[in-house]
Amino acid sequence: MSVQKIELGSKGIRRVLRKYKPEEAIAEYVWNGYDATATCVNINILQNSIGGIEEISISDNGYGIPFSQLNTKFKPFFESNKIIVRNSESNSSSYHGKNGVGRLTFFTFAGQAEWETIYEKEDKKYKYTIHIDGDGLNDYTATEPEEVDQKAELGTIVRFFRINEDFQVDAMKRFLKIEFCWFLELMKNNKFQLLINNDPIDYSEILEDRDVRKYKYNDVEFDVVFCRWAQKLNGEYSKYYYLDGSNREKFKENTTLNNKGDNFYHSVYITSALFDDFDFAVVTGQMRLKIAGSSREDEIFKYIKREIDNLIREKRIPFIKKYAKRFLKTVEEKEAYPDFDECNPVDKFKKECLDELISTVYYVEPKILSGLNKPQLKTLIRMFALIMESGERDSFIKIIDSVVNMSQDERTELAEALEYTTMSNISRIIIMLKDRAQAVADLKELVFNKELGAGEINAIQPFIEKHYWLFGEQYHLVTAEEPDFEEALRRYIYILEGDIPAKEEISIDDLDRRRQMDIFAVRQMKNGDIKSSIIVELKHPKIVLGYKELEQVKRYKDVILKEDRFNAPNIEWKFYLVGNRYNNQIANEIKNLKYHGEKSLVYSVDNFKIYVKTWSEIFTEFELNHDFLLDKLQIEQKKIIDSRGKTKEEIIAAQENNSAKAAEELVI
């Protein structure tokens with residue numbers, strides 16, 4: 001028996017390895033087995049009758065610990081308390097152990113360790129044991145090697161005794177899954193195993209996506225496996241692993257999305273005979289002399305690299321959308337948004353646009369937004385809001401680049417992505433809102449300024465044709481003024497069904513079929529379905545609205561109600577009678593239906609409703625819905641929104657260039 005001293009003292013060893021957790025220590029023993037070319041490592045946990053842990057053993061079928069290497073395997077190469085970390089930048093997964101130092105970490109969970117190892121030398125097999133006590137890590141005791149039968153299996157089993165009472169088996173299992181999942185996937189075709197009490201470790205709970213793809217370039221095939229992990233791996237970045245035709249790892253490198261900082265943890269395994277003889281060296285700025293085999297410069301490698309890059313980006317899109325939503329919730333919880341009033345449609349829209357911008361930045365460069373405290377996040381989000389409204393895309397990129405030192409590729413990607421955000425649209429939206437306010441101011445002049453002599457036909461009708469958004473958003477104009485009910489029905493069928501009926505095919509059996517509606521518009525959903533239709537009857541400002549005018553609108557309703565082709569149970573019809581004022585008859589009708597809870601309602605049967613509105617009511621509703629705009633424009637409101645001194649002709653002509661103008665009448 002020989003007794004040897006470890007150069008570093010027991011206290012020094014404990015200092016160096018003090019940050020190891022018990023589960024990390026167990027992982028080191030597993031890696032030691034794989035480093036010894038084991039294909040199977042088995043962790044056995046022996047419990048006593050009261051549920052305590054009596055013994056833990058880890059066995060492997062590797063090449064054992066040759067007695068001649070015993071001194072180096074159990075002797076640290078350092079005499080400082082410097083923390084040892086695995087080199088995650090290594091281009092190979094073949095070696096993970098700490099050069100024997102990891103074998104001393106058992107003191108974190110046990111009081112004693114004993115190794116029994118069988119190794120081969122000169123076609124003979126030998127066995128011996130090693131013993132270390134947790135109180136004297138600088139001493140190890142080893143028996144002399146004894147020759148054993150040739151049928152004995154190579155490998156090592158290490159047993160741990162006097163297990164700490166606070167050792168957590170569940171924490172160990174969880175850690176091992178995160179530690180070895182990527183490695184077990186890498187070695188899956190080589191039938192590598194990690195067992196706990198003889199059962200294979202199941203890491204499916206942290207494998208959120210596993211996708212197998214096949215690619216082919218001329219006669220060369222590639223088998224690609226994409227794995228996305230539920231959390232960050234222990235000591236292993238997101239990498240590409242290149243395996244040859246015999247499933248042996250030849251090289252690994254970080255993926256193109258490794259450093260995004262967005263919790264998109266992934267591994268990609270590429271197996272192909274191409275890598276049997278391949279030069280993975282990256283050559284920059286000089287001529288490469290090709291001697292044999294393939295290299296990165298070959299088109300076939302560029303092809304598969306493009307394909308797998310596209311694959312992980314494809315996988316990242318739904319993932320990042322989900323996480324972007326979570327991040328937006330964080331922005332909400334930290335009260336980082338500007339002071340938006342979400343009851344105000346303008347503010348609500350601006351918040352949606354800001355959310356889109358934040359999501360875009362999060363997609364392109366998540367690290368810009370990660371790890372911020374509340375004041376930092378609040379400052380950054382409000383800066384986004386200001387730049388969003390200005391439309392200064394280039395300035396935005398410069399500011400982001402000053403916060404995070406982006407690569408040229410990252411700057412390009414961000415610039416391209418911002419082309420599809422609403423940053424540039426925001427300024428147009430603000431202009432449109434200003435023009436809406438201007439349009440309302442112009443309409444007020446036409447309606448209330450008697451000196452202009454604005455009538456229904458010569459002024460108000462052509463104005464409303466361009467601004468029927470006053471009666472609701474997302475409507476499409478079907479007819480205005482001249483077309484009668486039959487032409488309106490022809491256009492309506494086209495919108496509903498996509499077919500264009502010939503004029504002679506449309507016939508309505510009603511005496512009022514030739515009546516002409518001032519405004520007929522429909523609200524069409526994105527899927528093509530019509531949700532609602534509106535008909536607006538405009539009256540001269542001098543007319544006091546009463547039963548006579550209301551009866552005209554009801555006649556419109558009756559024509560539509562009798563014509564089956566106009567009707568569908570899921571389409572709501574709204575009719576608006578609009579003038580400067582109405583008489584007591586109309587006022588009583590509104591009072592009679594007040595219990596419906598809708599202002600200006602005078603008729604409601606099934607899916608048909610009729611409203612009588614004054615222009616004052618319409619203007620008030622606009623102002624209530626655009627408080628934000630009016631507040632922002634208050635200082636220069638008289639300069640920007642002023643219709644005084646204009647003729648009715650000038651007001652009508654100005655609407656042609658007004659950005660708030662709605663879509664033109666449908667013509668087929």
Side-chain angles (χ1 to χ4, degrees), residues 344-350 389 425-481 518-521 523 534-541 574 576-580 600 611 613-666:
N344 184 304
V346 178
D347 272 18
K348 185 177 180 181
F349 177 77
K350 288 172 69 65
E389 292 187 25
N425 292 334
I426 289 296
S427 58
R428 291 199 293 270
I429 293 296
I430 296 299
I431 292 172
M432 184 200 74
L433 292 173
K434 290 179 182 178
D435 282 353
R436 280 194 173 189
Q438 180 66 64
V440 169
D442 288 345
L443 183 56
K444 283 182 180 179
E445 281 293 297
L446 293 178
V447 171
F448 297 139
N449 189 345
K450 296 179 180 179
E451 295 180 1
L452 292 181
E456 171 195 347
I457 305 299
N458 67 355
I460 297 176
Q461 169 73 33
F463 188 100
I464 295 300
E465 285 179 23
K466 293 178 174 59
H467 298 287
Y468 53 86
W469 48 263
L470 282 165
F471 299 93
E473 302 287 355
Q474 299 176 340
Y475 279 98
H476 301 281
L477 188 60
V478 180
T479 65
E481 192 179 5
D518 289 342
I519 297 291
F520 173 30
R523 176 179 286 176
I534 61 169
I535 290 176
V536 181
E537 179 65 21
L538 304 167
K539 292 303 178 183
H540 194 286
K574 292 183 179 181
Y576 294 92
L577 173 62
V578 184
N580 247 351
S600 310
Y611 302 85
K613 287 182 175 288
T614 64
W615 286 115
S616 294
E617 289 174 331
I618 291 174
F619 297 147
T620 299
E621 288 173 4
F622 170 82
E623 289 166 359
L624 288 174
N625 290 332
H626 293 72
D627 278 344
F628 169 82
L629 170 67
L630 298 178
D631 288 344
K632 289 296 183 184
L633 299 180
Q634 193 169 16
I635 296 176
E636 300 185 34
Q637 192 170 357
K638 290 184 179 180
K639 295 180 181 178
I640 299 174
I641 306 172
D642 194 348
S643 303
R644 290 174 297 181
K646 296 180 183 177
T647 66
K648 67 176 184 294
E649 290 78 15
E650 288 173 335
I651 289 176
I652 298 300
Q655 306 317 306
E656 290 299 327
N657 298 319
N658 189 302
S659 68
K661 183 174 65 173
E664 294 184 358
E665 179 183 3
L666 174 68

Pairwise distance CD1(Ile460) to CG(Leu538) - rounded to 0.5 angstrom: 7.0 Å

Min side-chain heavy-atom separation Val536-Tyr468 under 4.5 Å: no

Gap between atom CD of Glu451 and atom CD of Glu445 - 0.5 Å precision: 9.5 Å

Within-4.5 Å side-chain heavy-atom neighbours: Val440 and Leu470: yes

CG on Asn580 to NE2 on His540, rounded to 0.5 Å: 10.0 Å

Expected output: side-chain Gln655 to main-chain Ala439 donor-acceptor under 3.5 Å: no

Heavy-atom check, side chain of Leu452 versus side chain of Ile651, under 4.5 Å: yes

For Tyr576, ring pair (Phe, Tyr, Trp, His ring centres under 6.0 Å) partners two or more places apart: Phe471, Tyr611

side-chain contact (heavy atoms from CB on, under 4.5 Å) against Ser616, all qualifying residues, sequence neighbours excluded: Phe448, Thr614

By side chain to side chain donor-acceptor pair (under 3.5 Å) - contacts of Asn458 (at least two apart): none

Test side chain to side chain donor-acceptor pair (under 3.5 Å) applied to Lys539 - qualifying residues, sequence neighbours left out: Glu537, Gln552

Spatial distance of atom CG (Leu446) from atom CD1 (Ile464) [nearest 0.5 Å]: 9.0 Å

Parallel, tilted or perpendicular, as decided by the 30° and 60° cut-offs, for the rings of Trp469 and His467: perpendicular

